[in-house]
Amino acid sequence: MEGIRPESKVYVLKRPSGENFAKPLSVNYAQELNPQQLAAVEVVDGPALVIAGAGSGKTRTLVYRVARLIDLGVDPRSILLLTFTRKSAQEMLGRVGLLIGSRSDQVAGGTFHSVANALLRRYGRTIGLEPGFTILDRGDADDLIHLLRAQLGFNETGRRFPRKRTIAEMFSKCANTLQDLEDVLLDQYAHFGEYLGELTRLQEAYDTAKRERQLVDYDDLLVRLQELLALDEQARQVISQTYRYILVDEYQDTNRLQANLVRKLAATHDNVMAVGDDAQSIYAFRGATFRNIMEFPTLFPGTRILKLEENYRSTQPILQLANAIIKGASEKYDKVLFTRKLDGALPILVQAVGENLQSRFIAQKILELREEGVPLNEIVVLFRSSFHAFDLEIELSRCDLPFVKRGGFKFIETSHIKDLMAHLRVLHNPLDIISWNRVLLLIEGVGQKRARDLISGIQKSEQPFDVLRNGSGRSSHGLRALANVLDSLAHSGTHLPSTQIAEVLEYYLPILKDQYDDYPKRIRDLEHLTVMAERYGDLEEFLADLALEPPNESVADVEAPDRDDERLILSTIHSAKGLEWRCVFLIWLVDGRFPSSYSFVSQGELEEERRLLYVAVTRAKQQVFLTYPISVYDRATGSVLSKPSRFLDDVPSSLMENWNLVEEGESYDWD
């Protein structure tokens, strides 16, 4: 530890247990929490794993545990709350503040990546990272890979070399799963196996380029933090002693790298509480692993396992279906969800002859629900894959039912936002060759070769903007205009991002209008970016936040004037996790579609599909409709008969009501 002489002996003063604190607690925790929540909140020291069933008050439990630790006299600066969005951390700590006052302001809270960002800027020099390093977003990382691929001559192999986005995904999988490139390639990209040598060289060049230019991509924030904690013993000790109580939310969604970091952050203690639900582990495609939550007691010997099983969202009939679905899981922490909402409609299994009848049923039933007083935004249609909803979208449009579909490009990934942000990035870090490349290619007459030559000159010059002024030919006017705006910003004396964006925007607008036919909509996005920037007093903080916690939607999509305020939600199940609606429709519950036929080759993938169904069902508060067409079109064989998802095979018939759809005027026989 810093400040202790090597020859000194250490005498440890034991902290009294919570029960012996003289100061009375400011909250009656037993009154505010159910017995299972209270048991979790009362844990002080040692490792603990809280298995929090869907809708069981997981967030409430985390909030009250942080509050109680502070109430017991724990220094709030020694508490670290790790969540998957910064908004979650802020909301939780805000609620802690309502319970015990401003002491909660000193708790460290945020995402793994934002915490890593802060720690690397403070301690990173020992591993060669200066505090002003630049964070590459996904598109920037792709562009750097593309540049390096061209420099290494891999664009001219005459063979089908993987695209830049695919390569970036490979490198990301390596980082998050702690696997070698060869293992990732053989496991998930076997069709590119012949390029192992080239991809290995490219990965090495990519890592070298980032280190030389003070660049880190999103995954590097965690990779470099792990490097710091592994190589710098003093930093590891100081950081671990600083954060003596660590809480991790949504632990089932962590990857191998994150689990490794939690272990290293707790190097001097085992005071880690992980909260999550093994039955909601559904993000393997992002690198998350179900094994983390199952192996937490092995990582932290002596772990106390606690369970939250009382559900505050759904009715008992819905929970009985969910319990029956997850009961068939081959590996799990046993738990049974229950609620005090005993009454409610049985979930309904709806059989349609074909896909269009399935779509017509959903549209008609939604219209009926709206007539019964259920708002459209309290209804969701969930699906395993986005393409499952295509026919339904057509039917909803025919019925004039307004809807929004979750998905599409994120706000920060749209090209016009990336264009403007690139100008700010070169201002902040003149070594950022990816942003320089993007900025230069916007100028008429500048191609890839010209851009490379200019970047080379910029990197060598002490006056980089003068390099732009020395150009000739049809690009000279545009290069001088770029140099003038960057020079003006660099010497303006202002560090306010909103002011800098406004100046860049004035320069960029003619380019925007020339590049995009729909520039009026894009201008509104850029104006929205300016509004967002007004919350920041420093460009570095603004750039880091946008890379770490980007907004999800374009303002044009959010505020489109021709859409009703009230809209039905269409969503993939992955996008719906953590949300709830009064009524849930789950479509295409057909074996081969849900579970996907691609999951049949692996027991692990099949089990994740089961958990996906569990997540879908537990989004509902009052009513669930499970629909499937019995006639499915197959491109190779034409129409084939289908069967309901295999996950329903072991569900007792008494837990669901069965409906068969018939056309009006048709005769039918209930026997």
R291, CZ atom: more than 12 neighbouring heavy atoms under 6.0 Å: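 Count over threshold, so yes.
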Neighbour count >12 (heavy atoms, 6.0 Å) for atom CZ, F285: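 Enclosed: over 12 neighbouring heavy atoms sit under 6.0 Å from CZ of F285.
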For [X] and [Y], which heavy atoms make the closest approach, and how far apart are they?
X: G109; Y: A89; answer: C-CB, 3.9 Å
X: A48; Y: L306; answer: CB-CD1, 4.2 Å
X: G46; Y: N271; answer: N-OD1, 2.8 Å
X: S314; Y: T618; answer: OG-O, 4.1 Å
X: Y251; Y: A259; answer: OH-CB, 3.6 Å
X: L319; Y: N311; answer: CD1-CB, 3.5 Å

Would you check if the side chain of [X] reaches a backbone N or O of [Y] as a donor-acceptor pair within less than 3.5 Å?
X: D217; Y: L136; answer: no
X: E309; Y: V336; answer: yes
X: S172; Y: A168; answer: no
X: N292; Y: T254; answer: yes
X: D180; Y: D183; answer: no
X: T289; Y: R256; answer: no
X: D220; Y: V223; answer: no
X: H574; Y: I282; answer: yes
X: R263; Y: L299; answer: yes

Full working for side chain to side chain contact (heavy atoms under 4.5 Å, CB included) between L543 and I135: CA-CA 8 Å; L543 293 174; I135 302 171; over 6 Å; no
Side-chain ion pair, [X] and [Y], N-O less than 4.0 Å:
X: D278; Y: R611; value: no
X: R165; Y: D142; value: yes
X: K332; Y: D334; value: yes
X: R236; Y: D232; value: no
X: R68; Y: E32; value: no
X: D253; Y: R286; value: no

Test side chain to side chain contact (heavy atoms under 4.5 Å, CB included) applied to Y218 and R138, step by step: CA-CA 7 Å; Y218 196 63; R138 180 60 184 270; over 6 Å; no
Less than 4.5 Å apart, any side-chain heavy atom of [X] and any of [Y]?
X: R65; Y: L62; answer: no
X: T126; Y: L231; answer: no
X: Q188; Y: M170; answer: no
X: F300; Y: L49; answer: no
X: Q258; Y: F84; answer: yes
X: E608; Y: L612; answer: no
X: I293; Y: I51; answer: yes
X: Y29; Y: E42; answer: no

Candidate list [options], test side-chain contact (heavy atoms from CB on, under 4.5 Å), partner [X], passing option:
X: L93; options: T83, V107, V63; answer: V107
X: F133; options: E540, R121, R224; answer: R121
X: Y189; options: L196, I167, T166, L199; answer: T166

Would you please say whether a donor-acceptor pair under 3.5 Å links the side chains of [X] and [Y]?
X: T134; Y: D432; result: no
X: Y333; Y: D277; result: no
X: E310; Y: Q36; result: no
X: S596; Y: S599; result: no
X: E250; Y: Q252; result: yes
X: Q226; Y: N260; result: yes

What distance do [X] atom [atom1] and [Y] atom [atom2] have between them, rounded to the nearest 0.5 Å?
X: C174; Y: L185; atom1: SG; atom2: CG; answer: 8.5 Å
X: D75; Y: L69; atom1: CG; atom2: CG; answer: 11.5 Å
X: Q234; Y: Y123; atom1: CD; atom2: OH; answer: 9.0 Å
X: S571; Y: W581; atom1: OG; atom2: CH2; answer: 5.5 Å
X: L222; Y: N255; atom1: CG; atom2: CG; answer: 7.0 Å
X: D45; Y: R304; atom1: CG; atom2: CZ; answer: 11.0 Å

Chi angles and distances behind the salt bridge (Lys or Arg N to Asp or Glu O under 4.0 Å) call for D137, R425: CA-CA 11 Å; D137 67 17; R425 288 197 174 104; 3.8 Å; yes
For F171, all residues meeting ring-ring contact (aromatic ring centres under 6.0 Å, His included), sequence neighbours excluded: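 Checked F171 against ring-ring contact (aromatic ring centres under 6.0 Å, His included); matches are Y206.
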K58 vs D249, salt bridge (Lys or Arg N to Asp or Glu O under 4.0 Å): CA-CA, chis, key distance, verdict: CA-CA 9 Å; K58 166 180 68 68; D249 190 20; 2.9 Å; yes
Side chain to side chain contact (heavy atoms under 4.5 Å, CB included) assessment of V44 paired with Y245: CA-CA 9 Å; V44 178; Y245 292 89; 4.3 Å; yes
Residue from R213, R125, R122, R211 passing salt bridge (charged side-chain N to carboxylate O under 4.0 Å, His left out) with E130: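 Only one of R213, R125, R122, R211 forms a salt bridge (charged side-chain N to carboxylate O under 4.0 Å, His left out) with E130, namely R125.
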Steps toward side chain to side chain contact (heavy atoms under 4.5 Å, CB included) verdict (R313, R619): CA-CA 8 Å; R313 175 188 301 148; R619 299 310 93 204; 3.3 Å; yes
